[in-house]
S.K.: 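Once you've had a glance at the structure underneath, I'll fire off some questions.
On a predicted model such as this, the values are computed, not experimentally measured, just so you know. Hydrogens, waters and symmetry mates are skipped; everything else that's a heavy atom, side chains included, is used.
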Amino acid sequence: MPTTLSEKLRELRKKRDWSLDDLAREAGASKSYLWELENRPERKPSAEKLADIARVLDVTTEYLLDENATFDDAQLKEVFFRKFNRLEHDDKNRIMDMIDTWAKKK
């Protein structure tokens with residue numbers, strides 16, 4: 001299991017079958033910047049860039065930075081709510097309606 005930021009970035013990028021160019025485009029970063037993050041462990045990203053990278057890789061910044069962090073239920077919920085909060089009001093309402101419907105089935 002990867003532990004360093006470099007290892008996690010590389011693994012998450014490859015799981016999506018993304019090149020450095022793909023990740024750079026999605027995260028709004030340069031390819032060379034991401035290459036340095038993956039290959040030079042002493043290189044640390046800015047908080048803003050780290051948040052952008054975490055967002056496109058569907059993880060949290062905590063997961064990327066903490067060498068002991070695992071992607072657990074709490075991390076998954078944080079990613080979900082981050083996506084949910086970016087939705088338009090009507091889309092949020094539709095999702096809430098679906099959740100209410102599913103809850104009634106039990």
Side-chain angles (χ1 to χ4, degrees):
M1 173 173 272
T3 57
T4 66
L5 172 64
S6 297
E7 292 169 337
K8 289 177 183 179
L9 287 176
R10 187 175 297 107
E11 179 185 270
L12 291 166
R13 179 177 60 78
K14 288 185 177 196
K15 274 186 181 179
R16 284 164 179 70
D17 198 29
W18 283 358
S19 66
L20 281 171
D21 284 321
D22 295 329
L23 180 55
R25 182 179 53 256
E26 294 295 322
S30 71
K31 178 181 175 180
S32 61
Y33 181 75
L34 293 170
W35 183 91
E36 285 188 23
L37 291 178
E38 283 191 9
N39 293 286
R40 296 193 179 159
E42 68 282 354
R43 182 82 158 121
K44 301 296 180 209
S46 69
E48 181 181 343
K49 284 294 179 196
L50 186 65
D52 291 339
I53 293 166
R55 178 184 46 80
V56 300
L57 293 175
D58 290 331
V59 295
T60 63
T61 55
E62 177 188 13
Y63 172 73
L64 290 176
L65 290 177
D66 185 348
E67 292 188 3
N68 297 313
T70 57
F71 199 77
D72 58 14
D73 191 53
Q75 299 281 329
L76 184 62
K77 287 176 184 172
E78 185 175 332
V79 169
F80 171 81
F81 285 111
R82 184 175 45 199
K83 287 180 179 181
F84 181 81
N85 287 328
R86 287 195 311 262
L87 295 173
E88 296 292 324
H89 181 72
D90 289 344
D91 293 331
K92 288 178 183 177
N93 286 337
R94 281 194 284 276
I95 290 172
M96 294 305 294
D97 289 343
M98 285 188 276
I99 291 170
D100 290 343
T101 301
W102 291 326
K104 289 176 186 175
K105 288 184 179 181
K106 291 183 178 184

S.K.: Quick one: CG on N93 to CG on D100, what's the gap to the nearest 0.5 Å?
M.R.: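 Interatomic distance, N93 CG to D100 CG, rounded to 0.5 Å: 10.5 Å.
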S.K.: Taking only residues two or more places apart in sequence, or in another chain, which ones meet R82 in a salt bridge (Lys or Arg N to Asp or Glu O under 4.0 Å)?
M.R.: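 For R82, no residue satisfies salt bridge (Lys or Arg N to Asp or Glu O under 4.0 Å) once neighbours in sequence are set aside.
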S.K.: For the atom pair CD (E38) and OG1 (T4), what is the distance rounded to the nearest 0.5 Å?
M.R.: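 If we round to the nearest 0.5 Å, E38:CD and T4:OG1 are 10.0 Å apart.
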S.K.: List the residues meeting side-chain hydrogen bond (donor to acceptor under 3.5 Å, both in side chains) with K44, not counting sequence neighbours, and say none if there are none.
M.R.: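 For K44, no residue satisfies side-chain hydrogen bond (donor to acceptor under 3.5 Å, both in side chains) once neighbours in sequence are set aside.
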S.K.: Could you report the tightest heavy-atom contact between L87 and K92, atom names first, then the distance?
M.R.: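 Where L87 meets K92 most closely, the heavy atoms are O-CE, 3.3 Å.
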S.K.: Tell me, yes or no, whether the heavy-atom count around D17 atom CG, taken from other residues, nucleotides or ligands under 6.0 Å, exceeds 12.
M.R.: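 No, because the 6.0 Å sphere around CG of D17 holds 12 heavy atoms or fewer from other groups.
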S.K.: Closest heavy-atom contact between M96 and F84?
M.R.: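 Smallest heavy-atom distance, with atoms named: SD-CZ, 4.1 Å.
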S.K.: Quick one: which of K15, E7, K14 gives a side chain to side chain contact (heavy atoms under 4.5 Å, CB included) with E11?
M.R.: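 Result for side chain to side chain contact (heavy atoms under 4.5 Å, CB included) with E11: K15.
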S.K.: Which residues satisfy the side-chain hydrogen bond (donor to acceptor under 3.5 Å, both in side chains) test with E78, sequence neighbours excluded?
M.R.: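 Once residues adjacent in sequence are excluded, E78 has no partner under the side-chain hydrogen bond (donor to acceptor under 3.5 Å, both in side chains) criterion.
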S.K.: In the structure I gave you, are the side-chain heavy atoms of D22 and R25 within less than 4.5 Å of one another anywhere?
M.R.: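 Contact flag for D22/R25 side chains = yes.
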S.K.: Show, in sequence, the C-alpha distance, side-chain angles and deciding distance for K49 and L37, and conclude whether the side-chain contact (heavy atoms from CB on, under 4.5 Å) test is met.
M.R.: CA-CA 11 Å; K49 284 294 179 196; L37 291 178; over 6 Å; no
S.K.: Please check if the side chain of K8 supplies one atom and the backbone of D66 the other of a donor-acceptor pair under 3.5 Å.
M.R.: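 The answer is yes, because a donor-acceptor pair under 3.5 Å joins these two groups.
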S.K.: Less than 4.5 Å apart, side chain to side chain, heavy atoms only: is that true for L57 and Y63?
M.R.: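 L57 vs Y63: side chains apart.
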S.K.: What pairs meet the side-chain hydrogen bond (donor to acceptor under 3.5 Å, both in side chains) rule with one or both residues in residues 50-61, with sequence neighbours excluded?
M.R.: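 Output for this query lists D58-K83, T60-Q75.
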S.K.: Within the structure provided, determine whether P45 and L64 are in side-chain contact (heavy-atom separation under 4.5 Å).
M.R.: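 Heavy-atom side-chain distance check fails, nothing below 4.5 Å.
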S.K.: Does S32 have any side-chain hydrogen bond (donor to acceptor under 3.5 Å, both in side chains) partners at least two apart in sequence or in another chain, and if so, which?
M.R.: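 S32 satisfies side-chain hydrogen bond (donor to acceptor under 3.5 Å, both in side chains) with S30 once adjacent residues are dropped.
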S.K.: Got a sec, which residues hit side-chain hydrogen bond (donor to acceptor under 3.5 Å, both in side chains) with D91, two or more places apart in sequence or on another chain?
M.R.: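 If we apply the side-chain hydrogen bond (donor to acceptor under 3.5 Å, both in side chains) test to D91, skipping adjacent residues, the hits are R94.
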S.K.: With heavy-atom distances below 4.5 Å as the criterion, would you say the side chains of N39 and R10 are in contact?
M.R.: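 A side-chain contact exists here, since the closest heavy-atom pair is under 4.5 Å.
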S.K.: Report yes if some heavy atom in the side chain of I53 is under 4.5 Å from a heavy atom in the side chain of L34; otherwise report no.
M.R.: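 Sidechains of L34 and I53: in contact.
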S.K.: For L23, does its backbone N or O pair with a side-chain atom of K31 as donor and acceptor, under 3.5 Å?
M.R.: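 The answer is no, because no donor-acceptor pair under 3.5 Å joins these two groups.
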